[in-house]
Amino acid sequence: MTGNTPGFDTLAVHAGTEPDAATGARQVPIYQSTSYVFRDADHAARLFNLEEVGYIYSRLTNPTVSALANRVTALEGGAGGIACSSGHAAQIMALFPLMAPGCNIVSSSRLYGGTITQFSQTIRRFGWSATFVDTDDLEAVKAAIDENTRALFCETIANPGGYVTDLGAMAKIADEAGIPLIVDNTTATPWLCKPIEHGATLVVHSATKYLTGNGTVTGGIVVDSGQFDWSASDKFPSLSQPEPAYHGLTFHAALGPMAFTFHSIAVGLRDLGMTMNPQGAHYTLMGIETLGLRMERHVKNAQAVAEWLEKDPRVEAVTYAGLPSSPWHERAQRIVPKGAGALFTVAIKGGYDACVRLVDGLKLFSHVANLGDTRSLIIHPASTTHRQLDEEQQVQAGAAPNVVRISIGIEDVADIIADLDQGLAVATA
Ligand SMILES: *Cc1c(COP(=O)(O)O)cnc(C)c1O
């Protein structure tokens, strides 16, 4: 501990978890129970009225799942948080209290591929929409906001190219517009960046990636800073006005900085049911205990591999923001000073065919549609995740036919480089 404020690694091991009150169990027990016995009828009524905090039913809250939400909330420096079944569920859960039919979000165009689909297609079924902008063009971001905009959305380090977003500039625009900034912090993790310190209101995670860390379970987290004034305008009636979906409770007036979190539990999880299960929460809690150790190795390996690749004559370009050649190098020093993540793209001489041969020729790397695993992973977006796009769209998305995306693991860096060396030999023979 440093003074009274525990450091990151201490919180990663301890936050959200007292020894079990009933048994003294030191590790967080997996509370494999759907319901919790009320002390008496009055106790039950108080829980349902949110007059007392406690467990009712595991679609809403479960002790193991709450421990996880509280731990990530502590790591991100938020006021409250919820865990849910996947990263995509977390994104819907973050938007749900803010949106209504006819409302829109303004989102960075540099996003995880699945998020582009969720925002451009699926949310339309709810009557919501997204306007995509290049977040390096701050005037374009401002111009895209209209009276129906309810949030700005971006990723700290964006997939697939390792692009770093100027979170402070985005938060300033959101503030001026009276709307929250939502940051997907999956690829940075709170070890590299805490978006709330840069002015974000909500932080979302795919816990599937680095938080769990070894590719075992899907999960998602939403953390609220507790600092946004939901009552400053009439834009967020679910939080600032009597909520008809919860017997007329005015969440912000009643619960202050916990309004978003309680709404997400009492209405969002209750009615959308995108709940994390206690077994999944257990794996993610175990993963987070070593988050700092793993991230330190992930970024050290990524930096070494990016430097090695950039010098290789078989490689055309490397997009890692940890390299001085990156247009986002200076920004990375401010936003993610401990390292620019471990996810980047590499353009290979020899185009599409060479990329396919590289992916097939690697032995240590796994060819999968995942990232943030302890293992090194590779994918060729143009033949997989970005296959549906035409070539111009692929280039715009940073997924041109000659590009592979790699997620650097925590293996010995010499072995990672040796595998890429032999793979590139096969690819460009
Ligand atoms: C994987 C991912 C998601 C989606 O998360 P799931 O857990 O797969 O639903 C969202 N954003 C980013 C940046 C991701 O990497």
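Numbers here are sequence positions counted from 1.
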Mind checking whether [X] and [Y] have side chains closer than 4.5 Å, heavy atoms only?
X: S238; Y: V267; answer: no
X: I182; Y: V222; answer: no
X: S108; Y: V141; answer: no
X: L47; Y: Y36; answer: no
X: N402; Y: I348; answer: no
X: F365; Y: I408; answer: yes
X: V106; Y: I173; answer: no
X: V318; Y: V305; answer: no

Are the side chain of [X] and the backbone N or O of [Y] linked by a donor-acceptor pair below 3.5 Å?
X: E76; Y: L202; value: no
X: T165; Y: E155; value: yes
X: R71; Y: A12; value: yes
X: N185; Y: A188; value: no
X: S86; Y: A89; value: yes
X: T64; Y: P29; value: yes
X: S58; Y: S33; value: yes
X: R150; Y: C103; value: no
X: T17; Y: V28; value: no
X: T212; Y: K209; value: no

Taking the ring centre of each residue, are [X] and [Y] less than 6.0 Å apart?
X: F119; Y: F153; answer: yes
X: F236; Y: F228; answer: yes
X: H88; Y: Y112; answer: yes

How would you list all residue pairs meeting salt bridge (Lys or Arg N to Asp or Glu O under 4.0 Å) that involve [range], not counting sequence neighbours?
range: residues 45-69; value: R39-E52, R46-E51, R46-E52
range: residues 407-423; value: R314-D421
range: residues 273-296; value: none

Under 3.5 Å donor-acceptor pairs involving side-chain atoms of residues 251-258, not counting sequence neighbours:
| from | atom 1 | to | atom 2 | distance (Å) |
| --- | --- | --- | --- | --- |
| H252 | ND1 | S231 | N | 3.4 |
| H252 | ND1 | S231 | OG | 2.6 |

Any idea which heavy atoms bring [X] and [Y] closest together, and the distance?
X: H205; Y: T189; result: CE1-CA, 4.1 Å
X: H367; Y: T384; result: NE2-CG2, 4.4 Å
X: A382; Y: A399; result: CB-O, 4.0 Å
X: A174; Y: P180; result: CB-C, 4.2 Å
X: R270; Y: Y246; result: NH1-CD1, 3.5 Å
X: L98; Y: A151; result: CD1-CB, 4.1 Å

Pair Y31-V65, side-chain contact (heavy atoms from CB on, under 4.5 Å): steps then yes or no: CA-CA 9 Å; Y31 285 93; V65 176; over 6 Å; no
Gap between atom [atom2] of [Y] and atom [atom1] of [X] - 0.5 Å precision:
X: S35; Y: L60; atom1: OG; atom2: CG; answer: 11.5 Å
X: K235; Y: S240; atom1: NZ; atom2: OG; answer: 12.0 Å
X: L181; Y: D175; atom1: CG; atom2: CG; answer: 9.0 Å
X: L167; Y: T156; atom1: CG; atom2: OG1; answer: 5.0 Å
X: W308; Y: Q303; atom1: CH2; atom2: CD; answer: 15.5 Å
X: T34; Y: I56; atom1: OG1; atom2: CD1; answer: 13.0 Å

I123 and I92: CA distance, side-chain angles, deciding distance, side-chain contact (heavy atoms from CB on, under 4.5 Å) verdict: CA-CA 8 Å; I123 64 170; I92 296 295; 4.0 Å; yes
Reference residue N159; test side-chain contact (heavy atoms from CB on, under 4.5 Å); the match among T385, L111, L371: L371
Parallel, tilted or perpendicular: rings of Y163 and W328 (30°, 60°): perpendicular
Under 3.5 Å, which donor-acceptor pairs do the side chains of residues 332-345 form with other protein atoms, sequence neighbours left out?
| from | atom 1 | to | atom 2 | distance (Å) |
| --- | --- | --- | --- | --- |
| Q333 | NE2 | H329 | O | 3.3 |
| Q333 | NE2 | H329 | NE2 | 3.2 |
| R334 | NE | E330 | OE2 | 3.3 |
| K338 | NZ | W191 | O | 3.0 |
| T345 | OG1 | T319 | OG1 | 2.8 |

By ring-ring contact (aromatic ring centres under 6.0 Å, His included) - contacts of Y283 (at least two apart): none
side-chain contact (heavy atoms from CB on, under 4.5 Å) assessment of D136 paired with R110: CA-CA 10 Å; D136 274 349; R110 295 185 182 88; 4.3 Å; yes
Pairing of E307 and K311 as salt bridge, 4.0 angstrom limit: no
From CA spacing to verdict: side-chain contact (heavy atoms from CB on, under 4.5 Å), F96, D271: CA-CA 11 Å; F96 179 68; D271 295 348; 5.5 Å; no
Partner of N104 by side-chain hydrogen bond (donor to acceptor under 3.5 Å, both in side chains), out of T131, N148, T149: T149
